Protein chains: 2
Amino acid sequence: MTRTGTGTGPEVGTPDGVPVETLAAREDQTFAALANATRREVLRLLREQGPQPVQALADRFAMRRPSLSEHLKVLREAGLVSEERAGRQRIYRLEAAPLADVQDWLHPYERFWRDRLKGLGDLLDRMPDDAET
Amino acid sequence: MTRTGTGTGPEVGTPDGVPVETLAAREDQTFAALANATRREVLRLLREQGPQPVQALADRFAMRRPSLSEHLKVLREAGLVSEERAGRQRIYRLEAAPLADVQDWLHPYERFWRDRLKGLGDLLDRMPDDAET
DNA sequence: AGGATAGGTAGGAGATTGCCTACACGTCAA
DNA sequence: TTGACGTGTAGGCAATCTCCTACCTATCCT
């Protein structure tokens, strides 16, 4: 797969000057990290019970510790967790910033389910996103 | 991997009586569908340009039509799109309801990035989710 | 009826994922 | 210092993903 952008424009960058390639890659990494139930569960544990060392997390899963370590690596590289070294332990902490990007991603879809639930959603199909009044 | 729930409780069902297994499976399907950049782009196209037949969508991607058909199948089975037959065409339409579930999933994380951006996020680490007030 | 158009399905190849067991490395305690 | 502890990494293996090229079915037009 080559084109992940609009599929049309030249697409050199954003208004901020941030290369789109980077943004798209980060988005991809975030969604990929969230695609796994174990990793989502790790995020939940860190959220509900605060920062924890690896073994405490591993105890909650039916898999060997090295496997969980790999999941933590994916989360770390996606920026969804951070690690702090404390003696021979590494304390993992939730870093929710990338989830804010997911919420931003969701935003333009919001009116679709809100309007539809109010029963007047079919209008949307004749009035697409880029044709606002 | 066996446990995708809390990792602790008996977890027989929800307050609504809906089996948790079904909910977790649906969540998994949704996140898995969103894990692919092509599929996210399809959703964006349907959102910005309204319902379209398969070929119109396929024209936007650097891949063969059958491959896109498979992506549409994934999206369909995740409930993110619906198809309506019109002659020999099949019009695909965005169905955003599962995205509302994603937003619900995001909610408990929200205060993490909001508070942290305000610079007082470290408090959260001493006051985890299930210890409110 | 016969050809063209729209799109789903089958089956296969190559890459990626997710698990495992072994092992390496740094830290702490005796 | 020596051994135990806490984690990450290497390498292997089976399953899944994502793309492809046929191929099939259904609809429309002449």
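Within every chain, numbering begins at 1; the chains are lettered A, B, ... in the order of the sequence lines, protein sequences first and strands thereafter. Remember, it's a predicted structure, so these values are computed and weren't measured experimentally.
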Whole angstrom value for the distance that separates C1' of dG18(C) from CZ of R65(A): 16 Å
Can you measure E70(A) atom CD to dT9(D) atom P for me and round it to whole angstrom units? 9 Å
Cut-off 3.5 Å, no hydrogens considered: what does the side-chain donor-acceptor table look like for residues 61-71 of chain A, sequence neighbours left out?
from, atom 1, to, atom 2, distance (Å)
H71(A), ND1, R39(A), NH1, 3.1

Do L72(A) and L57(A) have side-chain heavy atoms sitting under 4.5 Å apart? yes
Does N36(B) place a side-chain N or O at less than 4.0 Å from the phosphate oxygens OP1/OP2 of dC17(D)? no
Of the nucleotides dG7(C), dA4(D), dT27(D), which one has an atom closest to the side chain of R88(B)? dT27(D)
Taken to the nearest whole Å, CZ/R90(A) to C1'/dT27(C) is 11 Å
Distance, rounded to the nearest Å, where M63(B) contributes CE and dC19(D) contributes P: 4 Å
Where each residue is assigned the nucleotide of DNA chain C containing its nearest heavy atom, which of G87(A) and V54(B) is assigned the position nearer the 5′ end? V54(B)
Write down the distance between CG (L75(B)) and P (dC17(D)), rounded to a whole number of angstrom. 14 Å
Quick one: L72(A) CG to dT9(D) P, roughly how many Å, whole number? 11 Å
Students often get this wrong, so: under 4.0 angstrom with heavy atoms, is P66(B) touching a base, only sugar-phosphate, or nothing? base
Measure the distance from OH on Y92(B) to P on dA6(C) and round it to the nearest whole Å. 15 Å
Do L99(A) and W105(B) have side chains that get closer than 4.5 Å, going by heavy atoms? yes
Which residue, A35(A) or R76(B), contacts DNA chain C at a nucleotide closer to its 5' end, judged by nearest heavy atom? R76(B)
Would you say a side-chain N or O of H71(A) is under 4.0 Å from OP1 or OP2 of dC19(C)? yes
Let me know the distance between CG of D28(A) and P of dT18(D), rounded to the nearest Å. 10 Å
Under the 6.0 Å and 45° cation-pi test, does R47(A) pair with Y109(B)? yes
Assign R39(B) to base, sugar-phosphate, or nothing according to its heavy-atom contacts below 4.0 angstrom with the strands shown. sugar-phosphate
Can you figure out which of dT7(D), dT18(D), dA6(C) approaches the side chain of Q55(A) most closely? dT7(D)
Residue-phosphate contact under 4.0 Å: S69(A) side-chain N/O, dG8(D) OP1/OP2: yes
Side-chain contact test, heavy atoms from C-beta onward, threshold under 4.5 Å: evaluate it for L23(A) versus D101(A) and give yes or no. no
